[in-house]
J.: 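I'd like to ask you about the structure that follows.
Worth saying up front: this structure is predicted, and the values here are computed from it rather than measured. Starting from 1, each residue takes its place in the sequence as its number.
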Amino acid sequence: SSGINAEWPLRPGNSLPPNALEEIIEALGPALGQLNPPTPELCDFFSRYCRDGPCAATAVVVFAPGVHCILKHNVDFGKYTYIRTFARDFIIALASQDTCPENLPCFIHTMHSPGAR
């Protein structure tokens, strides 16, 4: 079958170097804002990272612009449930960060600030 196997980097015992997953996220992250709509495989991969991965500051910086676009533009979440799932997982990951509890309020502020597009 063709497509991306969204589970492979997050499996226990994978053979990726320590920073490889974050490098993959950094490389693929900008596609969120460029693909309209983002692919199911990409959203599933990013959702899994938010749920199962470290969801470090990298995810906040890389995913926030794409999630911002998803939430600001009229995405049909009934048609694209995988996009809704990713946006939800990103917001839950933001809310769950003990080291930076201000990330979620800051993200919400950017969504509703006068300069938000």
J.: Kindly indicate whether the side chain of Tyr82, heavy atoms from C-beta on, has any atom under 4.5 Å from the side chain of Asp44.
T.: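 Side-chain contact under 4.5 Å: no.
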
J.: Measure the shortest side-chain to side-chain distance between Phe45 and Ile24 over non-hydrogen atoms and say whether it is less than 4.5 angstrom.
T.: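 Yes; the side chains approach each other to less than 4.5 Å.
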
J.: If only atom types and distance count, is the side chain of Tyr80 paired as donor or acceptor with the main-chain N or O of Pro38 below 3.5 Å?
T.: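 Checking the backbone N and O of Pro38 against the side chain of Tyr80, no donor-acceptor pair under 3.5 Å is found.
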
J.: Check the angle between the aromatic planes of Phe90 and Phe86 and answer parallel, tilted or perpendicular using the 30° and 60° thresholds.
T.: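 Because their plane-to-plane angle lies in the 30° to 60° range, the rings of Phe90 and Phe86 count as tilted.
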
J.: Side chains of Ile83 and Pro37: closer than 4.5 Å at any heavy-atom pair?
T.: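 When only atoms from C-beta onward are counted, Pro37 and Ile83 do touch, with a gap below 4.5 Å.
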
J.: Is any side-chain heavy atom of Ile91 closer than 4.5 Å to a side-chain heavy atom of Leu71?
T.: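 In short, these two side chains touch, coming nearer than 4.5 Å.
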
J.: Do you know which two heavy atoms are closest between Ile70 and Val75, and how far apart they sit?
T.: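 Shortest heavy-atom separation between Ile70 and Val75 comes out as O-CG2, 3.3 Å.
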
J.: If I take atom CZ from residue Arg84 and atom CG from residue Asp76, how far apart are they, to the nearest 0.5 angstrom?
T.: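 It comes to 10.0 Å.
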
J.: About how many Å separate OG1 of Thr81 and CZ of Arg88, when rounded to the nearest 0.5 Å?
T.: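 Output value for this atom pair is 10.0 Å.
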
J.: Please work out whether the ring planes of Phe46 and Phe63 are parallel, tilted or perpendicular, with thresholds of 30° and 60°.
T.: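 Ring orientation, 0 to 90° scale: tilted.
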
J.: Report the distance from atom CZ of Arg51 to atom OG of Ser96, rounding to the nearest 0.5 Å.
T.: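 Those atoms lie 12.5 Å apart.
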
J.: At what distance, to the nearest 0.5 angstrom, does CD1 of Ile92 lie from OG of Ser47?
T.: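 One gets 9.5 Å once the value is rounded to the nearest 0.5 Å.
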
J.: Kindly say whether Ala64 contributes a backbone atom to a donor-acceptor pair with the side chain of His68 at under 3.5 angstrom?
T.: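 Side chain of His68 to backbone of Ala64: no pair is present.
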
J.: Nearest 0.5 Å please: distance from the CG atom of Leu32 over to the SG atom of Cys43.
T.: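 So the CG of Leu32 and the SG of Cys43 are separated by 6.0 Å.
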
